Amino acid sequence: MTAKKIKKQIIVGFVALGCPKNLVDSERMLALIAQAGFVITEDADNADVVVINTCGFIEPAKTEALAAIRRATGRKQKGKVQKVIVAGCLPQRLGKELFNEVSEIDAIVGLEYRDNIANIIKKTLASENIIESVSPVSRILYDDRVRLRITPLHYAYLRIIEGCSRKCSFCTIPAIRGKARSKPKRLILDEASELVASGALELNIIGQDITSYGRDLSINNALPDLLIKLSKIPRLRWIRLLYLFPTGINDRLIETVAASKKILHYFDIPLQHINPQILKAMRRPHSKGRIIRLIENLRTKLPDCVLRTTLIVGFPGETDARFNELLDFVRWARFDNLGCFTFYPEKGTHAAELPRQIPDRVKQHRLHRLMLTQQKIAFEKNKARIGGTLTCLIDSIDKNRTAKGRFFGQAPQIDSLCIIKNCTAHPGDFIKTKVTGTSDYDLLCKQI
Ligand code: SF4
């Protein structure tokens, strides 16, 4: 290739924001951009075109996305970047309003136009006009096969369902991503085989609520049946279930997990709250008793199971007594991993209009108290692992041969890690380790 030809190539800087669902969209877009002959860089400051795939379903994500967009438009004003394209949830949610927030954007790309990204880049480069490719989400099914992966090769995210048909009063996702649409099993199995062929040993099963898988197709127990099929893929070692709606976890699913050597005894169950009045105001369909029975059932049938949850504090109407009930529940449940957010009244949601909104300083105080309560539990649980052995999947290793890995109870990106000094393994290796100590939320391990 001559130097002249290299100079002519358009460099696309890609900024991938948001959750694993958005990451799958980013990986798909990256593959399409590469297939169209563009050169891709992570260094968005020095690209010809910047594509920012945004998340916009909660206010902090919107703030982060707007900061990334303004950084890119700032480079454009300095003549360093030619075009700025914004894709994903934020344009899907705001549409043209996004131009009021940042006027120098050249194109907005809604969720349904994801697969047109390469053409949109070309059109944007060829025109001075603003390009708007946003339409209300329909029942389109995304085909996520052929991706340029951002994750390390040894793990990947596998989306089995898009959108959500539940009605949680605080959540904008159904409005942004539409009702639940399950991917056909054949498509999922093809995609899973493709991911495994490209090196994935761990598949993280995702969707807004994976327990709804198959319901829109009127198929009962579709998730356990799918998991059994996925388990048969040779070379795949770990299958991890993320985003399990509590009422969707039935005995058939628990038995399927218990009977499988590949499906990890890891349950990520966003519970949001435990007080009955708050659950009702959140429009969550389950009772406190049902959640307690679910946790007891999981721990009885799978004594080694690791439980993760997500909670919201400061929901409208959360009195001190209701918050204390949540704290007591956290002390009782002893989750292994826990994420907590303060409630934010998202525009367009029912919860934003509810009376008895909680002042920010109270929300922050409750968040702090809850996280301190959980920290004590997490540290105790970590200490109890000292002296035991764990199989770790190595994620990375530095020049001093200190590896970062995860045992089955640690999901990528969101949970703590195992730190292994003097490690002789490589990323993607499974190794046996002995737990020798703890460091904050992480486990210190020795290769054995
Ligand atoms: S289940 Fe999750 S994604 Fe669906 S509405 Fe409730 S919080 Fe939102």
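A quick note: this is a predicted structure, and the numbers were derived from the prediction, not measured. Throughout, numbering of the chain's residues begins at 1 and tracks the sequence. Numbering of ligands and ligand atoms starts at 1, following listing order.
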Q: Are the side chain of R75 and the backbone N or O of D45 linked by a donor-acceptor pair below 3.5 Å?
A: yes
Q: Taking atom 4 (Fe) of ligand 1 as the center, what protein N, O or S atoms are found at less than 2.8 Å?
A: C164 SG
Q: Can you list every pair that meets salt bridge (Lys or Arg N to Asp or Glu O under 4.0 Å) and has a residue in residues 165-178, with sequence neighbours left out?
A: D25-R177, E162-R177, R166-D209
Q: Out of curiosity, is F170 lining ligand 1, as in a heavy atom under 4.0 Å away?
A: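 Checking ligand 1 against F170, which is what was asked, there is a heavy-atom contact under 4.0 Å.
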Q: If I take atom OG1 from residue T349 and atom CZ from residue F170, how far apart are they, to the nearest 0.5 angstrom?
A: 9.5 Å
Q: Testing the 3.5 Å rule here: is there a donor-acceptor pair between the side chains of E132 and Y113?
A: no
Q: Would you find a donor on one side and an acceptor on the other, under 3.5 Å apart, between the side chain of E191 and the backbone of L187?
A: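 Between the backbone of L187 and the side chain of E191 there is no qualifying donor-acceptor contact (under 3.5 Å).
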Q: Going by distance alone, is a donor N or O of one side chain under 3.5 Å from an acceptor N or O of the other, for N337 and D268?
A: no
